[in-house]
Asker: 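This is the structure I want to talk about, given as structure tokens.
The residues of the chain are indexed from 1 along the displayed sequence.
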Amino acid sequence: GGQLGFAVVAPHPRGRAPVNVMELMFAEWEDGERFSFEDSDRFEEDSLCSFISEAESLCQNWRGWRKQSAGPNSPTVKVKDGQVIPLVELSAKQVAFHIPFEVVEKVYPPVPEQLQLRIAYWSFPENEEDIRLYSCLANGSADEFQRGEQLYRMRAVKDPLQIGFHLSATVVSPQAAQSKGAYNVAVMFDRCRITSCSCTCGAGAKWCAHVVALCLFRIHNASAVCLRAPVSESLSRLQRDQLQKFAQYLISELPQQILPTAQRLLDELLSSQSTAINTVCGAPDPTAGPSASDQSTWYLDESTLSDNIKKTLHKFCGPSPVVFSDVNSMYLSSTEPPAAAEWACLLRPLRGREPEGIWNLLSIVREMFKRRDSNAAPLLEILTEQCLTYEQIIGWWYSVRTSASHSSASGHTGRSNGQSEVAAHACASMCDEMVVLWRLAVLDPTMSPQRRWELCAQLKQWHLKVIEIVKRGQHRKSLDKLFQGFKPAVESCYFNWEVAYPLPGITYCSADKKSASFCWARAVQL
């Protein structure tokens, strides 16, 4: 089913109020943060990467991923005061969030079709902040989400139709009255998560403004969307002659698109040899949601995201222009001593957390952990892989953390010595933050031991890769044992919640997993 939230509550030794361990971990983590990246525009003038044009800068800073006035987990659609939600609606909402629809279909006696429709109704996400976050992740900024908001407010979404777990509509741009301004948008969802999205506009990122407009329309105007049961459920109610009539009418409506595929399927069905379509029981239904064995996760546009991260890191590691200024106007006009002014100039980029885009992504990863989003680890893995492809980043990280003077942190990068030292310290802080996030990831109480050991092997491989690259470069190789690297995260992998602090229903338990799977199988058979 869907991923349940976890919270570890530790009893106080003297009988006081219980302490939430996970909240303490997040609180301790946030205490070290003195700057917010949600208003990171104030750092732009001091950014080491702000010498590029404004258009290029905004597309890769991942700003605006959270709305300032809204909470991280507050639902967008709120219940009116005094309105009592029926028990059947509350039950359908819980089933829609936790249980795959394939399991619902196999329950005997069968679930009524009207109740299936309510389950499909509640399976769509309720919080538009999730749409904003993933749109910002895919496009590098919140601009596309804001365009989608404008399309929604201008009533550009036409003919919305939800068939099971498949939502489609036509988004017409008000500026273009021609047919080329109309785009067909389709969204698939499962257990309150959007699993895939597509649009005929041909944008580079999947989360385009038209997809955002359709999602916002479904969140705020759910009653205006025509709701139908999954196609497989409707087909099961047809007789043989009705099924034949349905197939022939479908082919006659779209002969050029459907006829070649229909003939191929007929050949496979009528073939005397054992084909894949004849050996598999049942048939796929894109409107019935994923299978029970599939994990429900938000759609993450990994390819586009990797390219944007690569561009950001390339600009950060590449040469930057040296700006010469008047020393007298820089120091003498200031009331503070010259040494303090010089240190303020060096610390300003560090406070801005360079590169800004990567730090914003790390903040998004942290927010995903808070929301129990399963894409937090994959996003962090993409960030780590991209960072470790640049030997300059690895060299800076190693030099800063193993050298007291940091004299070997500069290297040949096209920067001045002072700029290189600032960039090296900023890079080391960024890599340390990634390790902290990995440490939090492997300490998830709901994680299975197998998954934890897989992450442990991956972390060890990354650490050895860093050491190998350092030994090839011009660094002090004798200090490799002092370099922490990924060691704190690797050490956390050896902590076992099931043995050290088992909590029923919260920490992972192999016996509970076996009994739960047995109960599901028994429910399906009954």
Side-chain angles (χ1 to χ4, degrees), residues 1-3 65-67 70 72-77 93 95-102 119-140 142 144-149 151-152 157 160-171 183-201 203-222 225 227-228 230 285-291 294-305 364 367-368 371-379:
Q3 289 188 341
W65 57 270
R66 175 190 289 178
K67 192 175 182 179
N73 293 318
S74 59
T76 304
V77 181
K93 188 175 182 179
V95 170
F97 185 79
H98 296 294
I99 302 177
F101 190 73
E102 183 182 3
I119 294 174
Y121 172 87
W122 289 110
S123 294
F124 198 85
E126 294 184 86
N127 191 2
E128 72 173 34
E129 289 305 304
D130 294 320
I131 311 297
R132 175 190 292 268
L133 188 145
Y134 278 91
S135 174
C136 184
L137 269 179
N139 298 283
E144 203 71 13
F145 180 84
Q146 294 172 359
R147 296 190 190 100
E149 276 187 320
L151 290 174
Y152 160 69
V157 180
L161 175 63
Q162 178 180 341
I163 305 177
F165 298 83
H166 184 277
L167 178 66
S168 61
T170 302
V171 180
Y183 304 103
N184 298 323
V185 185
V187 171
M188 296 182 67
F189 52 94
D190 175 49
R191 283 167 272 180
C192 299
R193 301 171 182 88
I194 293 179
T195 56
S196 68
C197 50
S198 61
C199 181
T200 58
C201 66
K206 296 294 184 181
W207 286 88
C208 63
H210 311 101
V211 171
V212 172
L214 176 58
C215 293
L216 294 180
F217 184 91
R218 174 60 176 79
I219 290 175
H220 297 285
N221 299 320
V225 178
L227 183 61
R228 292 289 184 269
D285 183 5
T287 64
S291 62
D294 295 339
Q295 185 181 13
S296 178
T297 58
W298 281 87
Y299 178 69
L300 184 64
D301 196 353
E302 296 184 4
S303 59
T304 306
L305 183 60
I364 292 176
E367 180 66 24
M368 284 182 168
R371 299 185 186 184
R372 312 298 185 250
D373 194 330
S374 57
N375 278 329
L379 175 57

Asker: For residues Thr304 and Ala138, report the shortest heavy-atom separation together with the two atoms involved.
Answerer: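 In this case the closest contact between Thr304 and Ala138 is CG2-O, 3.4 Å.
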Asker: If you compare all heavy atoms of Ser198 against all heavy atoms of Val211, which two are closest, and at what distance to 0.1 Å?
Answerer: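 So the two residues come closest at O-CG2, 4.1 Å.
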Asker: Give the intermediate values and the outcome of side-chain contact (heavy atoms from CB on, under 4.5 Å) for residues Phe101 and Val95.
Answerer: CA-CA 9 Å; Phe101 190 73; Val95 170; over 6 Å; no
Asker: Take the angle between the ring planes of Tyr134 and Trp298 and call it parallel below 30°, perpendicular above 60°, tilted in between.
Answerer: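 Rings of Tyr134 and Trp298: parallel, as their planes differ by under 30°.
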Asker: Dump the intermediate steps for side-chain contact (heavy atoms from CB on, under 4.5 Å) on Tyr121 and Val225, then the final yes or no.
Answerer: CA-CA 10 Å; Tyr121 172 87; Val225 178; over 6 Å; no
Asker: State, to 0.1 Å, how close Ser374 and Pro378 come at their nearest heavy-atom pair, and which atoms those are.
Answerer: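 Result for this residue pair: O-CD, 3.2 Å.
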Asker: If you measure from CD on Glu129 to CZ on Arg371, what distance do you get to the nearest 0.5 Å?
Answerer: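 That separation rounds to 6.5 Å.
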Asker: To the nearest 0.5 Å, what is the distance between CG on Leu167 and OG1 on Thr287?
Answerer: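 Reported value, rounded in 0.5 Å steps: 12.5 Å.
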Asker: Give a yes or no on whether the backbone of Ala120 and the side-chain of Gln162 come within a donor-acceptor separation of less than 3.5 Å.
Answerer: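 Yes; at least one donor-acceptor contact below 3.5 Å.
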Asker: Is the NZ or CZ atom of Arg193 both under 6.0 Å from the centre of the six-membered ring of Phe97 and within 45° of that ring's axis?
Answerer: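 Yes, Arg193 sits over the ring of Phe97.
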Asker: For Leu216 and Glu149, what are the C-alpha separation, side-chain angles and deciding distance, and is it a side-chain contact (heavy atoms from CB on, under 4.5 Å)?
Answerer: CA-CA 7 Å; Leu216 294 180; Glu149 276 187 320; 3.6 Å; yes
Asker: Considering non-hydrogen atoms only, spot the tightest contact between Trp207 and Ile131 and give its length.
Answerer: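 Looking at all heavy atoms of both residues, the closest pair is CZ3-CG2, 4.0 Å.
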Asker: State whether the side chain of Glu128 and the backbone N or O of Asp130 hold a donor-acceptor pair below 3.5 Å, judged by distance alone.
Answerer: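 No; judged by distance alone, with no hydrogens or angles, the pair does not exist.
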Asker: My understanding is that only residues two or more places apart in sequence, or in another chain, count here; which of them pass salt bridge (charged side-chain N to carboxylate O under 4.0 Å, His left out) with Arg218?
Answerer: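 Partners of Arg218 under the salt bridge (charged side-chain N to carboxylate O under 4.0 Å, His left out) test: none.
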Asker: Roughly how far apart are Cys136 SG and Gln146 CD, rounded to 0.5 Å?
Answerer: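 If I round to the nearest 0.5 Å, the distance is 9.5 Å.
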Asker: With Tyr152, which residues qualify under ring pair (Phe, Tyr, Trp, His ring centres under 6.0 Å), at least two apart?
Answerer: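 Partners of Tyr152 under the ring pair (Phe, Tyr, Trp, His ring centres under 6.0 Å) test: His220.
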Asker: Within the 4.5 Å heavy-atom criterion, are Ile194 and Phe124 side-chain neighbours or not?
Answerer: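 Yes, side chains in contact.
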Asker: Output yes when a side-chain donor or acceptor of Asp301 lies under 3.5 Å from a complementary backbone atom of Lys206, and no otherwise.
Answerer: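 The answer is yes, because a donor-acceptor pair under 3.5 Å joins these two groups.
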Asker: If you apply the rule side-chain contact (heavy atoms from CB on, under 4.5 Å), what do you find for Leu151 with Val157, and how did you get there?
Answerer: CA-CA 7 Å; Leu151 290 174; Val157 180; over 6 Å; no
Asker: Could you grab the distance from atom CG of Leu137 to atom CG of Leu379, nearest 0.5 Å is fine?
Answerer: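 Leu137 atom CG to Leu379 atom CG measures 5.5 Å (nearest 0.5 Å).
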Asker: What heavy-atom pair brings Glu144 and Cys208 nearest, and what distance separates the two atoms?
Answerer: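 Looking at all heavy atoms of both residues, the shortest contact is CG-C, 3.7 Å.
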Asker: How far does CG of Leu133 sit from CG of Asn127, to the nearest 0.5 angstrom?
Answerer: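 One finds 10.0 Å between CG of Leu133 and CG of Asn127.
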Asker: Quick check: closest heavy atoms across Pro230 and Ile163, and the distance to 0.1 Å?
Answerer: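 Closest pair (atom of Pro230, atom of Ile163, distance): CA-CG2, 4.4 Å.
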Asker: Would you compute the distance between atom CZ of Phe165 and atom OG of Ser123 and round it to the nearest 0.5 angstrom?
Answerer: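 Answer for the CZ-OG pair, Phe165 versus Ser123, is 4.0 Å.
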Asker: Hey, does the side chain of Ser296 reach the backbone of Asp190 with a donor-acceptor pair shorter than 3.5 angstrom?
Answerer: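 Indeed, once roles are kept as given, a pair shorter than 3.5 Å links the two residues.
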Asker: Can any side-chain N or O of Thr200 pair as donor or acceptor with the backbone N or O of Asn184 at less than 3.5 Å?
Answerer: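 Yes, because the side chain of Thr200 sits within donor-acceptor range (under 3.5 Å) of the backbone of Asn184.
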